[in-house]
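Each remark here refers to the structure printed beneath this line.
Just follow the structure's listing: the first ligand is 1, and inside any ligand the first atom is 1. One-based numbering along the sequence shown.
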Amino acid sequence: MTRQVEVLPDVAGIVNRALALILERAEAAIAHRGTFSIALSGGSTPKPLYEAIAQQPLPWDKIQVFWGDERYVPPDHPDSNEGMARRAWLDHVPIPAANIHPMDTTPADPTVAADLYEQHLQQVFQLAPGDFPSLDVVLLGIGDDGHTASLFPHTKALTVGDRLITVGNKDGQPRITFTAPLINHARCVIFLVAGANKRPALTQIFAPEGDADTYPARLIQPAGELWWLLDQSASIPVP
Ligand code: 6PG
């Protein structure tokens, strides 16, 4: 793993830098494998990035879009990560519907939804049981509490090592989420972090010694590239 930490002046700086990283890796992936796979994060920070990607003349038929986590709400709900990404990006580009892979939150039981998305990934990436796909790019954020995707502190989801997808738990509210091992199989992980409120968690996440059960973003140690794009207000001295 190569960890790169970059401090950009503001969110616009983060967006431009992330866009450049994504476009480079999309071009390389399509040249080598004919396709580019990206997993999206939710929350507020990535929205302007999705709006910027929508402006790019990309070969949309070669781009596969997944979600790293989802709130357990329908796509038209204001909290839906799928809904946000469609409104900011996917509804504005000619990407084939089959290339968009949202997490289905209709099953009454979230564990069924997690199983269904895992089966879908196994089918899309033609995986053997127990295998993990390597997505080209996984986008992540962090919460003030050090969570990432929907891997929240002191939850069972943090301990899942043999699955691709599991059920997250935010204050009793279910979420569907990539597991840490799936994220760590990615060729490139990009964290987008803005705001001074993220500094205390970042300090714990970057500390040489620390507790991943309390700061789950510490679990993210991908085999490939790891980029931390911070805005000035979130930046801390990196040990
Ligand atoms: C989600 C996210 C989550 C998010 C962080 C940061 O569905 O909420 O995937 O992990 O990245 O909570 O959110 P902000 O960008 O809004 O600070």
Side-chain angles (χ1 to χ4, degrees), residues 8 10-15 17-18 22 38-53 65-89 101-105 110 113-114 117 135 137-155 157-158 160 164-180 182-184 186 189-202 204-205 212 214-220 222 226-236:
L8 294 310
D10 50 23
V11 171
I14 290 178
V15 167
R17 187 66 178 119
I22 291 166
I38 183 167
L40 308 185
S41 64
S44 55
T45 309
K47 184 169 176 283
L49 172 61
Y50 300 157
E51 290 163 346
I53 296 173
V65 178
F66 302 85
W67 276 261
D69 72 319
E70 185 59 277
R71 293 92 180 264
Y72 218 69
V73 295
D76 59 0
H77 188 284
D79 292 348
S80 167
N81 291 342
E82 175 190 349
M84 183 270 276
R86 284 188 185 276
R87 290 187 298 276
W89 165 15
H101 308 272
M103 293 177 160
D104 175 11
T105 57
Y117 202 64
L135 278 83
V137 169
V138 172
L139 297 176
L140 294 172
I142 62 163
D144 300 5
D145 60 359
H147 82 262
T148 190
S150 281
L151 300 169
F152 290 93
H154 312 298
T155 60
L158 305 184
V160 177
L164 308 182
I165 307 293
T166 192
V167 177
N169 175 350
K170 177 178 173 48
D171 309 326
Q173 293 303 310
R175 300 272 193 104
I176 306 299
T177 186
F178 277 20
T179 59
L182 175 54
I183 295 169
N184 285 335
V189 171
I190 306 174
F191 279 97
L192 314 175
V193 183
N197 55 313
K198 302 289 172 72
R199 281 187 174 168
L202 273 177
Q204 298 299 328
I205 293 164
T214 308
Y215 297 97
R218 290 183 64 89
L219 293 169
I220 308 309
L226 175 59
W227 293 82
W228 285 88
L229 303 182
L230 317 178
D231 74 348
Q232 196 59 49
S233 61
S235 69
I236 60 162

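Annotation: atom 17 (O) of ligand 1 to nearest protein heavy atom, Lys198 NZ, 2.6 Å. Nearest non-hydrogen protein atom to atom 15 (O) of ligand 1 is Thr45 OG1, 2.6 Å. Among all protein heavy atoms, the one lying closest to atom 2 (C) of ligand 1 is Asp69 OD2, 3.5 Å. Regarding atom 12 (O) of ligand 1, its nearest protein heavy-atom neighbour is His147 NE2, 2.9 Å. Nearest protein neighbour of atom 6 (C) of ligand 1, counting heavy atoms only, is Ile142 O, 3.2 Å. Scanning the protein for heavy atoms near atom 8 (O) of ligand 1, the closest one is Arg71 NH2, 2.7 Å. Here the protein heavy atom with the shortest distance to atom 13 (O) of ligand 1 is Gly43 CA, 3.8 Å. Protein heavy atom at the shortest distance from atom 4 (C) of ligand 1 is Gly42 O, 4.0 Å.
At a 3.5 angstrom cut-off on N or O pairs, Pro46 does not count as close to ligand 1. Between Ala149 and ligand 1, at least one N/O pair is under 3.5 Å apart. Polar contact check, Ser41 against ligand 1: no nitrogen or oxygen pair lies under 3.5 Å apart. At a 3.5 angstrom cut-off on N or O pairs, Ser150 does not count as close to ligand 1.
For the pairing with Ile190, the side-chain contact (heavy atoms from CB on, under 4.5 Å) check across Leu140, Leu226, Ile22 returns one residue only, Ile22.
Counting heavy atoms from C-beta on, the side chains of Asp231 and Leu192 never come closer than 4.5 Å. Within the 4.5 Å cutoff, the side chain of His147 has no heavy atoms near those of the Ile142 side chain. Contact of the Trp89 side chain with the Lys47 side chain is not registered, since no non-hydrogen atoms from C-beta on lie closer than 4.5 Å.
Phe191 is linked by a ring-ring contact (aromatic ring centres under 6.0 Å, His included) to Trp228, counting only residues two or more places apart in sequence or in another chain.
No side-chain donor-acceptor contact under 3.5 Å links Arg71 to the backbone of Arg175. Under a 3.5 Å cut-off, the side chain of Gln204 and the backbone N or O of Gly146 do not form any donor-acceptor pair.
The shortest separation from a heavy atom of Glu70 to ligand 1 is not under 4.0 Å, leaving the residue out of contact. Ligand 1 has no atom lying under 4.0 Å from any heavy atom of Lys170.
Remark: ligand 1 atoms within the under-4.0 Å shell around heavy atoms of Arg175 are 1 (C), 7 (O), 8 (O). Near Gly141, meaning under 4.0 Å from any of its heavy atoms, are these atoms of ligand 1: 11 (O).
By the criterion of a heavy-atom distance under 4.0 Å, neither the backbone nor the side chain of Leu192 is placed next to ligand 1.
Inspection of the Asp69 and Ser150 side chains reveals an N or O donor paired with an N or O acceptor under 3.5 Å.
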Exercise for review: Using the side-chain contact (heavy atoms from CB on, under 4.5 Å) rule, take Thr177 and Val167 through it: C-alpha gap first, then chi angles, then the decisive distance, then the call.
Suggested key: CA-CA 6 Å; Thr177 186; Val167 177; over 6 Å; no

Practice item. Please report the C-alpha distance between Leu49 and Leu139 in whole Å, then the side-chain angles of each, then the deciding distance to 0.1 Å, and finally whether the side-chain contact (heavy atoms from CB on, under 4.5 Å) criterion is met. Key: CA-CA 11 Å; Leu49 172 61; Leu139 297 176; 4.0 Å; yes

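Classified by interplanar angle (parallel below 30°, tilted 30° to 60°, perpendicular above 60°), the ring pair Phe178/Tyr117 is tilted.
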